[in-house]
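What follows is a short report on a single structure.
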Amino acid sequence: MSWTKKVLRINLTKGTCTPEPLNMEWVEQFLGQRGLATKYLTEEVPPTTDPLSPENTMYMITGPLTGTMASTAGRYSVVTKSPLTNAVACSNSGGFFGNEMKCAGWDMIILEGKSPTPVYISINDDNAEILPADEIWGKSVWEADEWLHTKHQDPQLRCAVIGVSGEKGVLYSAIINDLHRAAGRSGVGTVMGSKNVKAIALRGSKGVTVNDPKAFFEATNAAKKILAENAVTGEGLPALGTQVLMNVINEMGAQPTHNYKEVSFAGASKISGEAMLEPRESDGKPNLTRNAGCFACTISCGRISTIDPQHFSVQNKDDLHHSYHANSGGLEYEAAWALGSDTGIDDLDALTYAQFVCNEQGLDPITLGSTIAAAMEMFEMGVITTEDTGGIELNFGNAEAMIKCTELVGKGEGFGLELGQGSARFCAKHGHPELSMTVRGQEFPAYDPRSIQGMGLGYATSNRGACHLRGYTVASEVLGIPVKTDPLETEGKAGLQIAFQNATAAFDSAGICIFTSFAWSLEDVAPQLNAACEGEWTPERLGEIGERVWNLERLYNEAAGVGACADKLPPRMTSLPANTGPAEGKVSGLATMLPEYYAERGWSPEGDVTTETKARLGL
Amino acid sequence: MSKVTVKLFASLMQYLPINSTKHHGFDYDITKNPTVGYLIDDLKLPRNVIHIVLLNGVYLDAETRDQKVLTDGDVLGFWPPVAGG
Amino acid sequence: MQMSLVIDANKCTGCLQCEMACSYEGEGVFNPTKSRIKIFPFHEEGIFVPYTCTQCDEAWCMHACPVEAIQLNKATGAKEIINDLCVGCKVCTIACPFGTVNYNADSGKVIKCDLCGGDPECAKACPTDAITYQDANWTGYDKMKDYAAKAMPAK
C-alpha cells in the first residue's frame, strides 16, 4: 500500500496511454519520487540523448507518502534530462497535483516521444486521453488553467501547465501546477513543451491508503507536533516565508549583488519578508495578504500577495489581466534576490510583479534574474548595447528594464528569447563566459560561496547544476540547524555537504517537503514511511538510499559528459575576493574542499565513482 | 559617548522602540556596561526567543555572546530561529 | 453539553488536512473527494473557507427524507444518515439549502457530517485552529473575546 504500484506510460509519438506495473525491485533500492524516477531515467534514456529530442523522456512521480495525511505529503517531482545543463534534472513541486495523481491511482506518469501536434493529457482515475490543445497553445499558464476547468466543467480539476516560454524553447521553463506552484529548475517545462504537451489535467477519486493505520497516525501526529513546536517551521516560515532570509543573509555579507560582484545590497531590507508586512501608502494594505499551505502542509510557508495598484507595472493593466490586480502567489526569497539584489533593484512591487509573470508564463526566477543581471553587467561594460537589447537600457537598478525583460522571456519574444537561453549561453555568445554565475550551466541560488564556504562546494558538486536544494548547509553555517558551523571555514565542509546531500535525496524520494528537515531528521521520517509502506524503513536504510540516489545521478552525469569535469565555480568565486563584511578578502576554498569531498564520497581523486563504491551501493 | 546600531528582525520586530526606522535599526547609547548581555537585558529582549546574533555580520556564539564587548559604531542584529531557502 | 463545529476562515491555510481526516474516518481512505467538509479557495481574494453541515435544528434534509434515514443523535445534536435505511433517492441533497448533503456514487447512499459521534476528526486535524469544536451555546466566544481585547483600554 501507499504506492499504487501503477505507472501510466504515455507515448506521444504513437498516441497511446498504457498502464504498467511499478518496478517494485527498484522501489526497494530507490524508494520513490526523485530516486525512483532517476532510476527509470538512467535505464531508459541514454546519457548522450539530446534533451529536446523525442528520445528524451519525462517522468512525473510521487513518493510513497504523497497523498497521505503526513505533513507536507503532497509533493511530486519531474525527472528528465535537462536542456539547460545536459545533466539529470529533478524539480520538485507542492500544491495539489501530486496528491491528485496518487488519488487517481498512479504513482508515476511517463511522457515519451513527441506529439505531432499540440496536445494536453486528461486523466480521470483509470481513464487517460491525449486531447488537442490548439485552443490553449500560445496561452499563458493562467489562461490555459481556466480553459481546462471550463472545458471539463470540473472546478476540482488539478492542472500542471507550461507557459508560452516553454513552447518557445526558453531553456529554463518551469511546469506550474495550481496556478503558482512550480517544478521550477533546469527547464523541465521546456522538455514538456518540446513534446508538444501543454498541460496535464488530473482528477482522482480513488484515495490513498496506508499499510498500518494505527502506527501511521501515531508517527505522523508525533512528527506534526515536532513541526508545530519548532520555532522555524511552527512560527518563522508561516509568518515570513522564505523571505525571512533576506535580512539575515544580507547582514552577514553573503547576499549576491550586481551579478555576484558584491556580497551585500543596500536595498535588501526594502525587499525583505519584513517589508512585505508593512502597509503601503496607496491603499494601506501590506504586500502580504496571508500565508497558504500546499496539500497536507502544516507549515504553510506559501505567500499570497497583491501588487500596489498604483505601481507602474500594473496601473495600466486592463480587465483581461485582472489577475494582476488580485491576490496571487507572492515573492519567495530565491526570486527576490535573483530579480532584486542581483540586478540592484529594491522595488518590492516590481519584484512581486516579476514573480507573478514567472508563474503566469512558467519561468525559473533564479535563472531568469541571474541571466538579466549578467546581461546588465555586460551592458554597463559596453559589451552589449541597446542594439542587442532591442532598445532596453539594461542598467543595474532599472526596474522597468527588468520587467520588460521578464515579459519578453515569458513570451519567448525578441531579446527575451536570447535571454531565455540562460546566462551560460548568453555570456559565451557575447565573448564573456566568465560572467555567467553557473555550474553545469545552471545559475547559482542566493548564497555567496565566498561568504558561506560549504555552499560553494555544494554548487560545484550539485548533480542538477548550481542549487541550494541539493545540500543546504546554510542551515548549519548560518542558521545553526542542527549545529552551528563557521561559514568562513572550509574544514569539515566536505563531510557536512555529503551529509546534507544524502539526507536531502532521501527526503526528496519520500513524497514530503524538504522544509520539514529544518525540524525533522531521517529518524522522524522513517517511522512515517515504515507505517505507510510495506517493508522495513529505518533511518540507516534511508540514509543509504540517499547516498545511492546521489551516486546514480553522478554516474549518469559522468556518462553525459558533465561529471567531474564540471565540478568547478566561475573564476569570480575563486579569484575575486569578497569586498565587504566578515568574508572581506576571502575567495571560495573549493580547491581545498573538493579533494576531501571526493575522498569522503569514496570516489577516485579525479572525482569518478569507483567500482568499490558502486558495488557497496548496489549500482 | 559610544553608540551602536541595534536591528531586530522577524518576530523580534515587536520589541522595536516606537519611531525606530524598522529594519535599519535604532541607535543605542552605551552607558556603564558595554556588553551584549547588558544590552539584551536593558532592551528587555526575550532571551528564549533570540537565536541568531550577528555583530557586524559575524555570528556570536550563544555561550560567549553575553560577555562580548561593544565598541562605537558596531552593528548588532538579532533574529529568532529562522530558515527558508 | 452540546458542542458545535466552529469555523474561522481567516485561520485556514487551505492544506486539506481536515478533508483527509474526514474521508479517513468516513471511508477508511485518504481521499478529499470523499470528505464531508470542503475547503473553498478564493484565489483572487486570498482566502480559504472551510464549509460543512451546521446541523440545523429543523433540518431540511431530515424532514425531506421519505424513509426516515436521517435521524437526530440526541447526544451530539448531529443529524446522522442511517445507511441501512437510506435508499439513495437524493431528495435530502435537494432539500438542504447549503449543499452539505451529497450523494456517494460508490455506496449508493448519501453522506453528510455526523460530527464523528462527538469527536470530530476535522477539528483534531486542523493545524491552525480554523476548525474547532466548542460549546454549542457559545460559538461566538472567541470572536467576542477578540473584540473585547481590541476595546480594552491601552495600558
Side-chain angles (χ1 to χ4, degrees), chain A residues 230-237 239-255 263-264 268-270 272-275 277-278 301 332-334 445-447 451 467-469 472 474-475 477-481 484-488 514-515 517-519 580-584, chain B residues 3-28 36 39-40 43 45-71 73-85:
Chain A
N230 181 287
V232 172
T233 49
E235 215 174 306
L237 280 170
L240 288 147
T242 54
Q243 271 274 69
V244 74
L245 285 180
M246 177 67 75
N247 284 312
V248 190
I249 302 301
N250 192 56
E251 292 287 325
M252 70 169 292
Q255 180 76 24
V263 295
S264 77
S269 70
K270 289 196 207 167
S272 66
E274 284 86 349
L277 303 178
E278 282 180 28
C301 72
E332 302 287 343
Y333 177 50
E334 288 295 340
Y447 312 91
S451 316
C467 179
H468 56 299
L469 295 172
Y472 193 69
V474 172
E477 294 178 275
V478 180
L479 310 166
I481 302 168
K484 185 73 175 69
T485 52
D486 183 349
L488 300 176
I514 190 62
F515 280 9
S517 70
F518 295 130
T580 53
E584 188 174 342
Chain B
K3 266 186 204 307
V4 297
T5 303
V6 179
K7 299 184 179 186
L8 304 176
F9 295 101
S11 63
L12 290 171
M13 280 199 299
Q14 62 185 297
Y15 295 92
L16 282 169
I18 296 164
N19 298 332
S20 69
T21 56
K22 298 226 166 170
H23 326 304
H24 298 293
F26 56 94
D27 288 340
Y28 175 84
V36 172
L39 181 145
I40 290 173
L43 291 172
L45 302 180
R47 284 177 179 276
N48 58 335
V49 178
I50 293 170
H51 179 66
I52 300 172
V53 183
L54 298 183
L55 177 59
N56 303 321
V58 179
Y59 183 87
L60 298 184
D61 271 334
E63 292 76 35
T64 54
R65 74 179 175 218
D66 274 13
Q67 290 78 50
K68 191 79 186 176
V69 174
L70 296 164
T71 55
D74 278 347
V75 178
L76 198 56
F78 292 91
W79 285 264
V82 292

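Note that these values count all heavy atoms, side chains included, but never hydrogens, waters or copies made by symmetry. Naming: A, B, ... by sequence-line order, numbering from 1 per chain.
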Checklist entry - Around atom NZ of Lys68(B), are there more than 12 heavy atoms of other residues, nucleotides or ligands at under 6.0 Å? => result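 No, because the 6.0 Å sphere around NZ of Lys68(B) holds 12 heavy atoms or fewer from other groups.
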Item to check | Gly84(B) backbone acceptor or donor facing Tyr472(A) side chain under 3.5 Å | outcome: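 Checked: pair present.
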Checklist entry - When you measure from the side chain of Glu251(A) to the backbone N and O of Gly57(B), does any donor-acceptor pair fall under 3.5 Å? => result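 A pair under 3.5 Å: no.
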Next on the checklist: side-chain contact (heavy atoms from CB on, under 4.5 Å), that's the test. Do Val82(B) and Leu240(A) meet it? Break it down for me.
Outcome noted: CA-CA 9 Å; Val82(B) 292; Leu240(A) 288 147; 5.9 Å; no
[X] portion near chain B, given a 4.5 angstrom heavy-atom threshold:
{"X": "Gln243(A)", "result": "neither"}
{"X": "Leu479(A)", "result": "both"}
{"X": "Val478(A)", "result": "backbone"}
{"X": "Ala254(A)", "result": "neither"}
{"X": "Ile249(A)", "result": "neither"}

Checklist entry - Among Thr233(A), Val248(A), Val474(A), who wins on heavy-atom pairs under 4.5 Å with chain B? => result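 Max contact count across the listed options: Val248(A).
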Checklist entry - When only pairs under 4.5 Å are counted, which of Ala475(A), Gly480(A), Ser269(A) shares the most heavy-atom pairs with chain B? => result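 The option with the most such pairs is Ser269(A).
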Checklist entry - Which bit of Val75(B) comes within less than 4.5 Å of chain A, counting heavy atoms only: side chain, backbone, both or neither? => result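 Side chain of Val75(B) only, per the 4.5 Å heavy-atom cut-off to chain A.
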Checklist entry - Measuring heavy-atom distances to chain A, does Tyr59(B) have an atom under 4.5 Å in its side chain, in its backbone, in both, or in neither? => result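 For Tyr59(B), the contact with chain A is made by the side chain alone.
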Item to check | Residues forming a salt bridge (charged side-chain N to carboxylate O under 4.0 Å, His left out) with Glu332(A), sequence neighbours excluded | outcome: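 Glu332(A): no salt bridge (charged side-chain N to carboxylate O under 4.0 Å, His left out) contacts found.
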Item to check | Chi angles and distances behind the side-chain contact (heavy atoms from CB on, under 4.5 Å) call for Lys7(B), Asn247(A) | outcome: CA-CA 10 Å; Lys7(B) 299 184 179 186; Asn247(A) 284 312; over 6 Å; no
Checklist entry - Which heavy-atom pair separates Ala10(B) from Glu274(A) by the least distance, and what is that distance? => result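 Scanning both residues, the minimum pair turns out to be N-OE2, 2.9 Å.
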